Protein chains: 2
Amino acid sequence: MASNRGHFETVFEFVEACESLTRIDAVLAAVQSMAEPLGFSSFIITGLPLPNRPLEPLVLLNSWPAGWSKRYLSQNYFQIDPVGQHAFATSAPLRWGDAPYRKEARLAQQVMGEAVEFGLRDGVLVPIFTATGWQSAISYASGHKLDLGPKDMAAAHLLAITAHSRLRSLLSEERNLRRKLTPRERETLAWIAAGKSAWETSSILGISEATVITHLNNIRRKLNVANTTQAVVVALQAGELQPY
Amino acid sequence: MASNRGHFETVFEFVEACESLTRIDAVLAAVQSMAEPLGFSSFIITGLPLPNRPLEPLVLLNSWPAGWSKRYLSQNYFQIDPVGQHAFATSAPLRWGDAPYRKEARLAQQVMGEAVEFGLRDGVLVPIFTATGWQSAISYASGHKLDLGPKDMAAAHLLAITAHSRLRSLLSEERNLRRKLTPRERETLAWIAAGKSAWETSSILGISEATVITHLNNIRRKLNVANTTQAVVVALQAGELQPY
DNA sequence: ACTGAACTCCTAAGATGTTAGGATAGCAGC
DNA sequence: GCTGCTATCCTAACATCTTAGGAGTTCAGT
């Protein structure tokens, strides 16, 4: 384990350098190189899904072993994983071993057992809070038991929020290039999300109700959702409902 | 202006100390005491609203002069303020003076003129990205023109994301104490947000469609919204749609 | 024992959203 | 000149949500 002072200075340089990274794989490499001196072999940065929703579409960055990653995401282990579920309840960085789980939860024990098979024995989960109640998290993994002090945890925390911030801006830029909705459709959906009916929205936008309905039809088709309510949720998560 | 090295070390100590702050006004005082050496006299930490939506419900922490704060929020200046609007487009900290605005935008100039009357002459806006496309921001204000180097900007940035992270966890804890919806109502709304109809949701939850409809009626009444779609948006912003 | 909150179930009318067609006009890019 | 995209408008049947009532059960706390 490197010295605490060393960690801090290095992480601090990372904070500055991170701003100039323009490619997602560069962020991944940078985080990886920062995490290794702290004792972590891999990590994942992800948004936390709503109840009953899959984790996979919210993953931002992932350096987990491929086999584990595939199994965890496809089997939706997140809904079982005590560490993942505790991410909602904690505000401070969390040692994996400190995640509470009921003894009767055989599934939870099975998931943790399988993680060990893939070389993920210990780790730290850092929750990242957002202004809207949505959360993200970064989960660092290690192949051996960790011995981390408060400063190491703080360094991991700092690394997490910095990388997350940078990542969001990069993905936001990428996202703009593959937006699915037209400007008028976004404008329409923004009013619908504000609770306006189709008729009210048509008045606001100065068009006919029929046109608003057509826009909503196209929106639902493009986003591949069941109804307008889900369209709003998906559009929010996809960043469609913002200016610019 | 204090030395750059001093800023950095102080901010770094703040990162550690912030974790132990348990009261919102303590965070406010801590940020204030950190911001002043950087040249800032006041600040606001807030989520960014959807188009056509007011800023006020998303404000987390506010040390702006009371008069200006009241006017800005009640008049919904955010939708006019070029700095506020540019928050959506930038990923790096932004000097107020660098915010682009059209010359023909008399309203924008008026807002900025009024800010000066309240002693807000210059400042820095730090956007905070989230995993879901929702954004927050902190806006530092100063009574005089600022002369900030890259390291000062980085220090302000670091201060912002650290305080924001802590604040979210504190508010999240407070929020849990004044949740409006019952567990069953949250469970119902989570499936509705996933695009299920009332009938489908009733099947999933093993209750009658009538009960789901009753839950939705109560949800709309409690959240004081016009329809289920808006109920989902409001519940998401209020953090109602998460486990625990 | 009582109170309040949560959860459950019901009807019926009216409002609103959804589906499935079709149609015209403007405009940018090839 | 053509193609594709965007934006606009329309009808009609059907599905779903919304409103406005009422009512019974359970359970925790006073």
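Note that the coordinates shown come from a computational prediction; the quantities given were computed from them, not determined experimentally. Letters go in sequence order (proteins before strands), and every chain restarts at 1.
Between the two ends of the helix from C:dA1-D:dT30 to C:dC30-D:dG1, each summarised by a five-pair axis, the helix axis turns through 60° (rounded to 10 degrees).
Note on B:His215: a side-chain N or O is less than 4.0 Å away from OP1 or OP2 of C:dT8.
Partners of A:Glu114 under the salt bridge (Lys or Arg N to Asp or Glu O under 4.0 Å) rule, at least two apart in sequence or in another chain, are A:Arg71. By the salt bridge (Lys or Arg N to Asp or Glu O under 4.0 Å) test, A:Glu56 is found to be paired with no residue, residues two or more places apart in sequence or in another chain being considered. Residues passing the side-chain hydrogen bond (donor to acceptor under 3.5 Å, both in side chains) test with A:Ser139 are A:Trp96, sequence neighbours excluded. Shown here are the side-chain hydrogen bond (donor to acceptor under 3.5 Å, both in side chains) partners of B:Asn227, two or more places apart in sequence or in another chain: there are none. Under the side-chain hydrogen bond (donor to acceptor under 3.5 Å, both in side chains) criterion, A:Arg184 pairs with A:Glu187, not counting sequence neighbours. In this view, A:Phe43 satisfies the ring pair (Phe, Tyr, Trp, His ring centres under 6.0 Å) rule with no residue, not counting sequence neighbours. Applying the side-chain hydrogen bond (donor to acceptor under 3.5 Å, both in side chains) test to A:Ser202 and every residue at least two apart in sequence or in another chain returns nothing. Shown here are the side chain to side chain contact (heavy atoms under 4.5 Å, CB included) partners of B:Ser203, two or more places apart in sequence or in another chain: B:Trp199.
Within the structure, the salt bridge (charged side-chain N to carboxylate O under 4.0 Å, His left out) test picks out the following pairs touching residues 214-233 of chain A (sequence neighbours left out): A:Glu185-A:Lys222.
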Handout entry: B/S/- contact track for nucleotides 9-30 of chain C, protein heavy atom under 4.0 Å
Key = BB------SBB-----------
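Here the closest heavy-atom approach between residue B:Phe78 and residue B:Pro49 is recorded as CE2-CD, 3.4 Å.
In 5' to 3' order, the nucleotides of DNA chain D bounding all contacts with chain A (an atom under 4.0 Å from a heavy atom) are D:dT6 to D:dC10.
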